[in-house]
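Have a look at the structure below, then the notes.
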Amino acid sequence: MSTVNDLDPRRDISLIRERLDLCLHRGEDVTEILEDLAQRDPLALADLVVGPRSQPSAGLISAALGVVETLEGAVSPNGLYRRLMDLAGSAAPDVLEIAAQRHPAASFVVQLSRQVEGAEAGRTHLRAAAGHPSFTAACWAHADAGHWAGLIAAAGETGLPEPAGALAAMGQIDRAAEATVRTLERTPDSPVVATLAAAWGPDITPILRAAVGHLRTRDAAHALRNQSAGYPEVAALLNTVARGMV
Amino acid sequence: MQVAASLLGDPGRMPFVGHFRVSFLAKPDGRASLAAAGRIASESGLVPGFRAAREVESALLGLCTSGVHDRNELLRRAWTALMDIAACDLGPVGGTDMTIILAARDARGMGIAGVGLSGVWGWSGDLPGELIPLVEGAHPLLGVPGLPATTPGVLTLDAPVEQVVAVPAHLQPILPTTDTLARRCGVHP
């Protein structure tokens with residue numbers, strides 16, 4: 001039973017807001033209150049959490065993420081997550097995580113990523129979108145937005161070839177090369193070289209040459225060499241490099 | 001004497017699935033040259049397309065050009081090299097989906113051959129960006145894809161061009177603007 005269950009969500013909304021503020025001021029968890037409101041009046045809940053009178057509060061927004069499905073029924077996800085982000089303070093990464101999990105194909109997640117992750121924008125989104133049909137589109141959207149570091153991080157975390165492909169498609173040779181190596185470190189048989197060729201063009205020699213400088217392990221060198229067999233000059237170079245690695 | 005060939009990629013994020021491209025001078029004196037660009041197993045997936053494309057490149061780069069000074073001989077050897085590739089190495093449909101443009105040049109002119117094309121243009125190198133159509137209408141160079149069973153005919157150009165650009169048969173014979181053409185063909189300076 002929440003501390004507001006005796007109040008009417010519409011008529012007593014000011015009083016509910018006061019009680020919420022008091023709880024938050026005391027550092028208390030307001031999840032129970034929000035769950036109660038979610039069951040009784042989703043619109044009142046949305047007004048309290050993301051309405052025009054809502055004040056920034058990491059505690060409130062963290063609790064609101066537990067009833068985010070109800071909030072999405074009252075406010076469109078695009079507007080909802082932007083507003084949640086504006087109010088989230090230190091809970092902003094949690095908002096991004098939930099937005100990315102629930103809407104991996106949504107373009108607004110790309111903008112939220114930049115807001116929260118800065119230089120590493122895209123990392124959370126792409127991790128959440130891995131395995132989703134929208135993953136390729138998400139990689140290209142982050143590449144379009146210039147989120148190079150996030151794509152490289154995602155390559156290493158997912159082992160999927162699309163981040164490297166997206167970087168190549170944008171003409172980011174050295175970054176595509178680094179993403180290629182990180183992909184192979186994670187998943188040696190990920191078809192990353194084929195993806196580079198599909199995205200950039202058949203002669204990917206410049207990217208493969210650049211990748212040599214990013215190699216850190218012999219296993220990755222062997223993986224890259226195996227996939228580069230169709231490029232004899234690079235394959236020969238990689239043979240030499242792999243032999244020299246510990 | 002060197003000639004370059006390129007093929008327009010598909011629209012979308014992965015325009016060059018199964019694309020290949022090679023160019024080289026005949027040994028030992030480079031008095032003739034060959035360029036090829038094309039696509040194969042492009043509808044069969046990323047990896048089958050990639051493998052088949054590298055097979056085609058390997059076959060063309062490996063063809064014996066020693067002492068070849070004649071463009072038509074170079075083209076004939078190229079077709080033979082392609083026909084000698086085992087069908088199983090050309091993707092799930094064994095090369096029946098191959099699109100290719102071949103351009104060979106020697107001291108006397110230039111020859112162009114191909115399959116699976118809807119349009120072919122040439123650039124003489126005189127005026128930047130000025131591509132001229134090399135074939136029009138129901139020309140034998142334009143037609144359906146697929147590695148032929150016999151050596152196809154050759155379009156002869158008395159005035160050689162430095163580059164040929166082709167559009168595959170499944171796309172409308174329209175080139176993109178010159179500022180994006182190279183990138184759309186997967187060519188990067």
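No hydrogens, no waters, no symmetry mates; every other heavy atom, side chains included, goes into these values. Each chain gets a letter, A, B and so on, in the order the sequences are listed, and its residues count up from 1.
Contact record, A:G230 with B:E57: O-OE1, 4.4 Å, taken as the closest heavy-atom pair. Minimum interatomic distance between A:P191 and B:L46 (heavy atoms only, all atoms of both residues): O-CD2, 4.3 Å.
Neither the backbone nor the side chain of A:A229 comes within contact range of chain B, judged by heavy atoms closer than 4.5 Å. Contacts between A:W200 and chain B at a heavy-atom distance below 4.5 Å involve backbone atoms as well as side-chain atoms.
Counting heavy atoms of neighbouring residues, nucleotides and ligands inside a 6.0 Å radius, atom CZ of B:R51 does not exceed 12 of them. Few gaps surround CD on B:Q2; more than 12 heavy atoms of other groups in view lie less than 6.0 Å from it.
Side chains of A:P202 and B:R54 form a contact here, defined as non-hydrogen atoms less than 4.5 Å apart. Counting only heavy atoms from C-beta outward, the side chains of B:F50 and A:Q227 never approach each other to under 4.5 Å.
Rounding to the nearest 0.5 angstrom, the gap separating the OG atom in B:S23 from the CG atom in A:D203 is 9.0 Å.
Top candidate by heavy-atom pairs under 4.5 Å with chain B, chosen from A:A197, A:A194, A:G201, A:A169, is A:A194.
Heavy-atom proximity under 4.5 angstrom to chain A picks out nothing from residues 83-99 of chain B. Along residues 180-189 of chain B, the residues that come nearer than 4.5 angstrom to chain A, judged on non-hydrogen atoms, are B:G186, B:H188 in order of number.
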